[in-house]
Chemist: 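The structure that follows is given in the form of structure tokens.
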There are 2 protein chains.
Amino acid sequence: MSDYSTPVRRPTIVDVARVAGVSTAVVSYTLNGRRGVSAATRERVLRAADQLGWRPATAARSLRSGPAAAALVVVHDQPFGTRAAFPLDLVTGALQTIGPDTLTLAVHVAGSTAEAAQLMDRWWTERRYAAFVVTGIRADDERLAALRSLPAPAVVVGTAPDGAPATWQHVVLDDDDAFEQVGDFLAELGHRRVAMVAGSERLVSPARRAAALEVALARRGIGLRTVAGDGPGRAAAALRPLLAAGDRPTAVVTDDDATAGLVLDVARRLGLGVPWDLSVVAGTDSPACYLTTPSLTAVPYPVEELGRATGRALRAALGAGPDWRGTGSGPGGEQHPRAVEPPSGTVAVGRLVVRGSTAPPPGG
Amino acid sequence: MSDYSTPVRRPTIVDVARVAGVSTAVVSYTLNGRRGVSAATRERVLRAADQLGWRPATAARSLRSGPAAAALVVVHDQPFGTRAAFPLDLVTGALQTIGPDTLTLAVHVAGSTAEAAQLMDRWWTERRYAAFVVTGIRADDERLAALRSLPAPAVVVGTAPDGAPATWQHVVLDDDDAFEQVGDFLAELGHRRVAMVAGSERLVSPARRAAALEVALARRGIGLRTVAGDGPGRAAAALRPLLAAGDRPTAVVTDDDATAGLVLDVARRLGLGVPWDLSVVAGTDSPACYLTTPSLTAVPYPVEELGRATGRALRAALGAGPDWRGTGSGPGGEQHPRAVEPPSGTVAVGRLVVRGSTAPPPGG
DNA sequence: TTGAAAGCGGTACCAT
DNA sequence: ATGGTACCGCTTTCAA
């Protein structure tokens with residue numbers, strides 16, 4: 001016990017049962033909203049529990065019923081970029097679709113995919129979490145291998161892993177639609193020379209996005225030049241020669257908002273006016289995008305919506321197992337019959353947000 | 001249980017005991033590194049546990065010994081700013097001083113201090129966590145009140161709460177030193193008119209920092225104008241008239257990096273050259289500070305170091321209680337005698353990082 | 001040094 | 001509809 005100074009012994013169902021004048025079984029039934037308890041008894045138990053300030057001990061419940069918690073394991077190794085808030089926003093959204101009575105979602109931080117994999121393996125073996133959520137999947141991500149071998153229910157956010165076990169769900173943004181929109185938009189403005197500053201090469205998702213843009217532009221007969229954008233240093237180094245060249249692109253698309261800001265900066269230093277000499281599109285919208293000069297045309301990035309979908313996927317992933325019970329809630333908690341969840345899927349991104357950084361090409 | 005498809009029954013100490021040919025008590029003793037087990041037996045048990053891939057079930061252990069986990073409860077309601085990564089960096093640092101065998105640190109997200117308070121109350125009552133870590137304390141923060149009434153061991157990061165219970169620890173940055181440095185630096189450059197764009201008024205810490213700067217400047221006979229900086233919109237609105245006025249400040253200090261970027265932007269729009277017409281100092285250094293044009297002179301922000309101190313404080317907070325045991329580890333885990341922890345304290349910020357955004361005042 | 005057994009706080013089966 | 005009670009897996013007396 002973690003009792004201090006005054007060892008406040010917190011009430012147990014035995015106390016509740018005594019106060020209500022019933023057995024512990026009835027208390028358990030009542031508090032878990034199962035039928036077979038008379039209204040009068042139910043009332044007394046609920047009142048007793050409420051009066052005593054009773055809450056179920058997590059450990060005791062987990063011991064029999066398994067953990068009612070899932071973990072989002074974040075690989076935190078790139079301090080740069082405003083996307084750092086991503087996990088927090090994602091969880092905010094997820095909490096909107098999973099009631100705290102059903103499941104709690106904790107965030108854990110690892111310094112590498114290997115460390116993350118090891119942690120998940122450990123926590124799964126310790127029966128600490130019933131499922132895991134992973135994002136920002138890299139090429140050869142050790143987390144996926146670990147999850148596969150456990151095997152634990154999982155939600156993969158941002159990528160659709162191939163050959164996923166039945167207990168996995170995935171939630172992705174509709175990048176195809178998003179970059180189709182970007183391609184169409186730039187083509188219609190008259191741009192013929194377009195470049196993309198790709199995001200981190202280690203990440204899987206940016207590659208998909210770049211491919212989507214390439215396809216969309218190809219349909220219009222426009223080619224796409226891609227330059228490395230992994231980290232601000234490399235991006236800047238690649239950007240300078242690109243924009244200084246005579247056949248420089250008239251439009252640059254980035255994978256994320258931070259890199260788009262960098263493009264603005266490099267353009268300014270080279271004396272290129274945005275949007276007159278160069279159009280810039282950020283592949284990821286964020287508050288930073290409307291604070292720049294000029295403000296950035298950007299692909300919406302509905303992280304909270306992604307989070308809500310993640311919450312649903314999590315329930316589905318757990319619901320897929322025959323044994324998991326997320327029932328049971330506090331005093332007065334109702335029993336919500338868990339509906340059959342639709343499989344996880346694709347989250348729409350909405351319409352491209354056109355701001356001040358895009359215009360027809362010079363002389364266009 | 002959260003078993004799926006193949007209900008893999010994970011091994012328990014009973015299995016380990018059987019394989020090793022001893023009782024469960026001996027297994028428990030061995031795995032917790034207690035003395036009184038013969039070397040030979042110990043060896044057999046360890047081998048058996050290792051061979052079976054045994055790990056202690058969190059729930060079972062917690063049921064008797066109390067939770068071996070703490071939670072950082074983040075209030076996530078301001079999407080703006082690169083400080084969003086703060087909790088993640090903090091945890092990264094904290095994990096360096098708390099071994100995963102001793103304690104795990106989970107991050108949880110709440111939309112408001114009230115919600116955070118409610119969650120902590122709930123989790124404390126459910127015996128889910130043994131301690132809580134809170135940051136970004138606001139005026140009249142409900143989390144503090146909740147923690148006080150529980151009463152739970154806590155680590156307060158960023159502020160030293162007054163009248164804190166004995167089971168609380170706090171970790172703060174040495175803001176006095178930091179802004180003393182800023183004040184001296186600006187004074188020596190020759191600045192006489194200095195303004196500070198304060199951070200969110202709801203937060204406690206920015207107010208302290210502004211006060212520290214004011215004191216440092218006052219010592220040099222220089223006054224400080226403070227303008228509201230809560231959110232980019234307000235900051236921009238306050239900044240424009242300030243910088244357009246005839247008696248405009250020759251140096252502006254901000255609380256955070258994002259606002260400093262905003263100052264750069266407003267100055268550019270007003271045709272003020274930085275640093276020739278205006279010096280800018282960011283109160284919080286970040287990678288974004290050396291990507292701007294010009295790069296920003298900034299106060300170091302050693303978040304990971306803050307995290308390490310937080311980890312130590314957490315151990316101290318838990319060690320203060322007579323009953324908490326963080327012992328017990330995996331197979332082969334050694335028993336580390338827990339040293340008496342020093343009380344929590346102040347983390348040094350280091351030397352002001354001088355970059356391109358500061359210079360003597362015009363005509364100075 | 002080792003073993004038997006009583007909890008920890010719920011859940012759920014089996015009687016009544 | 002309700003009560004008695006055997007678990008869940010581990011820790012920790014208490015004896016031997």
Side-chain angles (χ1 to χ4, degrees), chain A residues 1-3 7 9-18 20-45 49 52 54-68 125-128 323-331, chain B residues 1-3 7 9-18 20-45 49 52 54-68 125-128 323-331:
Chain A
M1 305 292 291
S2 299
D3 298 328
R9 209 180 55 76
R10 281 170 295 230
T12 73
I13 50 165
V14 177
D15 299 309
V16 177
R18 193 168 20 73
V22 293
S23 73
T24 60
V26 172
V27 174
S28 180
Y29 287 159
T30 305
L31 297 165
N32 289 317
R34 332 245 305 216
R35 27 171 257 169
V37 181
S38 71
T41 307
R42 185 187 147 73
E43 201 51 43
R44 289 215 315 288
V45 171
L52 292 170
W54 178 88
R55 295 251 73 214
T58 316
R61 177 171 280 182
S62 300
L63 190 54
R64 269 203 77 86
S65 314
T125 314
E126 291 176 350
R127 302 139 172 100
R128 190 183 285 271
D323 273 331
W324 189 79
R325 323 173 190 73
T327 63
S329 55
Chain B
M1 305 290 290
S2 298
D3 297 329
R9 209 180 55 76
R10 283 171 295 233
T12 73
I13 51 165
V14 177
D15 299 309
V16 177
R18 190 165 24 72
V22 293
S23 71
T24 60
V26 172
V27 173
S28 180
Y29 286 158
T30 304
L31 296 166
N32 290 317
R34 328 250 303 217
R35 25 171 258 170
V37 181
S38 71
T41 307
R42 182 186 150 73
E43 202 50 43
R44 290 216 314 288
V45 171
L52 292 170
W54 178 88
R55 294 250 74 214
T58 316
R61 177 169 279 181
S62 301
L63 190 54
R64 272 203 72 86
S65 313
T125 315
E126 291 176 350
R127 300 134 169 105
R128 189 184 288 269
D323 273 332
W324 188 79
R325 323 174 190 71
T327 63
S329 55

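In what follows, chains carry the letters A, B, and so on, assigned in the order in which the sequence lines appear, proteins first and then strands, with residues in each chain numbered from 1.
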Chemist: Where the side chain of B:Ala60 is defined as all heavy atoms beyond and including C-beta, which of D:dA1, D:dT11, D:dG9 is the nearest nucleotide?
Modeler: D:dG9
Chemist: Under 4.0 angstrom, heavy atoms only, what part of the nucleic acid is A:Thr12 near: base, sugar-phosphate, or nothing?
Modeler: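 A:Thr12: backbone/sugar contact only, no base atoms under 4.0 Å.
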Chemist: Does B:Arg18 reach the side chain of B:Leu52, with side-chain heavy atoms less than 4.5 Å apart?
Modeler: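 The answer is no; the side chains never approach within 4.5 Å.
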Chemist: With B:Val16 as reference, evaluate B:Val26, B:Val22, B:Val27, B:Thr24 under the side-chain contact (heavy atoms from CB on, under 4.5 Å) test and give the passing residue.
Modeler: B:Val27
Chemist: How close or far is atom P of D:dC8 from atom CD1 of A:Ile13, stated in whole angstroms?
Modeler: 17 Å
Chemist: Any non-hydrogen side-chain atom of A:Leu31 less than 4.5 Å from a side-chain atom of A:Trp54?
Modeler: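 Contact flag for A:Leu31/A:Trp54 side chains = yes.
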Chemist: Got a second to check how far B:Arg10's CZ is from B:Arg55's CZ, nearest 0.5 Å?
Modeler: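 Result: 12.5 Å between the selected atoms.
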Chemist: Check each of B:Glu43, B:Arg42, B:Arg44 against B:Thr30 using the side-chain contact (heavy atoms from CB on, under 4.5 Å) test, and report the only one that passes.
Modeler: B:Arg42
Chemist: Just the rounded figure in Å: distance from C1' of C:dC8 to CG of A:Leu63.
Modeler: 9 Å
Chemist: Any side-chain N or O of A:Ser38 below 4.0 angstrom from OP1/OP2 of D:dT2?
Modeler: yes
Chemist: Given C:dA12, D:dC7, D:dT2, identify the nucleotide with an atom nearest to the side chain of A:Arg34.
Modeler: C:dA12
Chemist: Send over the distance from A:Arg18 CZ to C:dG9 P, rounded to a whole Å.
Modeler: 13 Å
Chemist: Nearest to the side chain of A:Arg61, heavy atoms from C-beta on, is which of C:dG9, C:dT11, D:dT11?
Modeler: C:dT11
Chemist: B:Thr58 side chain to A:Glu126 main-chain N or O, any donor-acceptor pair under 3.5 Å?
Modeler: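 Judged by distance alone, yes, a pair lies under 3.5 Å.
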Chemist: Find every protein N or O atom lying less than 3.5 Å from an N or O atom of nucleotides 3-5 of chain C, and list the pairs.
Modeler:
from  : atom 1 : to      : atom 2 : distance (Å)
C:dG3 : OP2    : B:Ser23 : N      : 2.7
C:dG3 : OP2    : B:Ser23 : OG     : 3.1

Chemist: Looking at B:Ser62, I'd like to know whether one of its side-chain N or O atoms comes within less than 4.0 Å of OP1 or OP2 on D:dC10.
Modeler: no
Chemist: Establish, with yes or no, whether the OP1 or OP2 oxygen of D:dC10 is under 4.0 angstrom from a side-chain nitrogen or oxygen of B:Trp54.
Modeler: yes
Chemist: What's the closest nucleotide to the side chain of B:Asn32 if the choices are D:dC10, D:dT11, C:dC8?
Modeler: D:dT11
Chemist: Do any N or O atoms from the side chain of B:Arg127 and from the backbone of B:Thr125 form a donor-acceptor pair under 3.5 angstrom?
Modeler: yes
Chemist: Would you kindly give the CG-to-C1' distance between B:Leu52 and D:dG9, to the nearest whole Å?
Modeler: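 Value for this atom pair: 15 Å.
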Chemist: Can you tell me how far P of C:dC8 sits from CG of A:Asp15, to the nearest Å?
Modeler: 11 Å
Chemist: With hydrogens left out and only the distance checked, is there a donor-acceptor pair under 3.5 Å joining A:Arg64's side chain and the base of D:dC7?
Modeler: yes
Chemist: Between C:dG10 atom P and A:Arg10 atom CZ, what is the distance in whole Å?
Modeler: 11 Å
